[in-house]
Amino acid sequence: MAEAAISEFVSYELSDGIAHVGLNRPEKRNAINDRAVEAIAAVVARAEREAKAAVIFGHGKHFCAGLDLAEHVQKTPIEGVRGSRRWHAVFSMIEHGTIPWISALHGAVVGGGLELASATHIRVADRTAFMALPEGQRGIFVGGGGSVRAARLMGVARMTDMMLTGRVVSAEEAERWNLVQYVVDEGQARRKAEELARAAASNAELSNYAVINALPRIQDMAKEDGLFVESFIASFTSTSPEAEERLRAFLEKRAGKVQAPGT
Ligand code: 1HE
């Protein structure tokens, strides 16, 4: 049974264990103001409670135009810090929660929109998607985690270029830059993201938790530390009751095999 809840900023629907979260302020190109951040926090918490994977997309012609610049105009420095730290906290709920998040990108994926997409675990773009970081043109800086997440995805040299020159990156370029993992035809990003979400949702939940929480942390560790942590996580997951059942299912030929592409 599908369940829908529409707020002023975000739509939410749960269907077959997948949460579908839609940025829902198309008249402002899904620009994110303080209340929108709280609406995102609420649906992320809800998805964490009741879904096995989630897809986030934008209603209207664009994924997200980033920070709501109208609201930002009157902020004091300390209010700016508080705002940025709140974006960090909410995007960290996505990045380091318990379920995989797939973003379905189309149209503008700009500024804070790219920061939001960078907090998800897999990014799918349709051919209309374009990425930009126009913060320099607006006299500001990334504040939603972009210097950490987007820079790790594409590399600091490319991000520096985007921020200094206003370079706009196409979906195909974004794939070559590791900013997105899939490029699909116009209008197909949600369908592909949902297919990926269903695949991820069929994994053991503990394995998914390990993937989304351990991989980015291990990447930031020294090599030997990473190997040490990996062994503990490997042992912890592989000795869980679910792993035991899934391993037995494979050996008893009750589980699917890995299929070669195109078969
Ligand atoms: C906005 C915003 C916004 C649109 N804040 N109101 N982000 C930017 O610098 C991107 C600014 N936006 C744009 O470049 C374009 O709007 C788009 C390429 C995203 C879309 O273009 P288009 O032609 O489809 O829409 P539009 O006509 O430009 O915008 C429609 C309305 O949305 C218009 O308002 P209206 O009252 O005149 O109808 C726009 O003003 C409004 N709008 N984008 C406020 N961002 C945590 S730090 C993150 C830092 C950043 O994100 S910096 C990047 C900010």
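In each ligand, atom 1 is the first atom listed, and ligand 1 is the first ligand listed. The analysis underlying the following values was restricted to heavy atoms, covering all of them including side chains, and did not include hydrogens, waters or symmetry mates.
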Inset, instruction - Answer yes when R149 and E95 have at least one side-chain N-carboxylate O distance shorter than 4.0 Å, and no when they do not. - result: yes
Inset, instruction - Considering the heavy atoms of W87, write down every atom of ligand 1 situated less than 4.0 Å from one of them. - result: 46 (C)
Inset, instruction - Inspect the contact between E195 and R191 and indicate whether a charged nitrogen and a carboxylate oxygen are less than 4.0 angstrom apart. - result: yes
Inset, instruction - Kindly state if atom 51 (O) of ligand 1 has a protein heavy atom within a strict 4.0 Å cut-off, that is, under 4.0 Å? - result: yes
Legend entry - Shortest heavy-atom approach to atom 45 (N) of ligand 1 - which of N30, D68, L67: L67
Inset, instruction - Scan the protein's non-hydrogen atoms and note whether one is under 4.0 Å from atom 37 (O) of ligand 1. - result: no
Inset, instruction - Examine the proximity of ligand 1 to I32 and report which part, side chain or backbone, both or neither, has a heavy atom under 4.0 Å away. - result: neither
Inset, instruction - Consider every N or O of A70 and every N or O of ligand 1, then say whether any pair is closer than 3.5 Å. - result: no
Legend entry - S207 and N203: side chain donor to acceptor below 3.5 Å: no
Inset, instruction - Answer yes when E245 and R254 have at least one side-chain N-carboxylate O distance shorter than 4.0 Å, and no when they do not. - result: yes
Inset, instruction - Using a strict cut-off of 4.0 Å, indicate which atoms of ligand 1 neighbour a heavy atom of G143. - result: 46 (C), 47 (S)
Inset, instruction - Could you find the nearest protein heavy atom to atom 48 (C) of ligand 1 and give me its residue, atom name and distance? - result: E115 OE1, 3.3 Å
Legend entry - Shortest reach to atom 5 (N) of ligand 1 by a heavy atom, considering only L69, V142, L133, N33: L69
Inset, instruction - Would you verify that at least one protein heavy atom lies under 4.0 Å from atom 13 (C) of ligand 1, or report that none does? - result: no
Inset, instruction - Establish whether V110 and I40 are linked, either directly or via other cluster members, by ILVMFWY side-chain heavy-atom contacts under 4.5 Å. - result: no
Inset, instruction - Mark up the atoms of ligand 1 that fall under 4.0 Å of a heavy atom belonging to G112, in ascending order. - result: 48 (C), 50 (C), 51 (O)
Inset, instruction - Indicate whether the side chain of E186 and that of T128 have a donor and an acceptor atom separated by less than 3.5 Å. - result: no
Inset, instruction - Using heavy-atom distances, let me know which of A132, G80, P134, G146 sits nearest atom 53 (C) of ligand 1. - result: P134
Legend entry - Enumerated ligand 1 atoms positioned under 4.0 Å from heavy atoms of G66: 51 (O)
Inset, instruction - Return each pair, listed once, that meets salt bridge (charged side-chain N to carboxylate O under 4.0 Å, His left out) where at least one residue sits in residues 55-79; pairs must be two or more places apart or across chains. - result: R25-D68, D34-K75
Legend entry - Proximity flag E71 to ligand 1, non-hydrogen atoms under 4.0 Å: no
Legend entry - Minimum-distance protein heavy atom relative to atom 7 (N) of ligand 1: A65 O, 2.8 Å
Inset, instruction - List every atom of ligand 1 that sits less than 4.0 Å from any heavy atom of G111, numbering the atoms from 1 in the order shown and giving each element. - result: 50 (C), 51 (O), 53 (C)
Inset, instruction - Could you go through the salt bridge (charged side-chain N to carboxylate O under 4.0 Å, His left out) check for R176 and E172 one step at a time? - result: CA-CA 7 Å; R176 287 199 296 276; E172 285 82 3; over 6 Å; no
Legend entry - Any N or O of R138 closer than 3.5 Å to N or O of ligand 1: yes
Legend entry - SB check D126 K192 (cutoff 4.0 Å): no
Inset, instruction - Determine, considering heavy atoms only, which of H88, K28, R29, H62 sits nearest to atom 16 (O) of ligand 1. - result: R29
Legend entry - Protein contact for atom 31 (C) of ligand 1 (heavy atom, distance under 4.0 Å): yes
Inset, instruction - Determine the interplanar angle of the F57 and H59 rings, folded into 0 to 90°, and report it as parallel if under 30°, tilted if 30 to 60°, perpendicular if over 60°. - result: perpendicular
Legend entry - Sub-4.0 Å atoms of ligand 1 with respect to non-hydrogen atoms of I140: 49 (C), 52 (S)
Legend entry - atom 49 (C) of ligand 1: the protein heavy-atom neighbour that sits closest, reported with distance to 0.1 Å: E135 OE2, 3.3 Å
Legend entry - Test side-chain contact (heavy atoms from CB on, under 4.5 Å) applied to I122 and Y182, step by step: CA-CA 9 Å; I122 303 174; Y182 298 85; 3.8 Å; yes
Legend entry - Side chain, backbone, both or neither: E27 near ligand 1, heavy atoms under 4.0 Å: backbone
Inset, instruction - Quick one: pull up CZ in R167 and CG in L133 and give me the separation to the nearest 0.5 Å. - result: 12.0 Å
Inset, instruction - Working to the nearest 0.5 Å, report the span between CZ of F63 and CG of N30. - result: 8.0 Å
Inset, instruction - Please find out if less than 6.0 Å separates the ring center of F236 from that of F232. - result: no
Legend entry - Under-4.0 Å protein heavy-atom contact, atom 40 (O) of ligand 1: no
Inset, instruction - Enumerate the atoms of ligand 1 whose separation from the nearest heavy atom of A108 is less than 4.0 angstrom. - result: 19 (C)
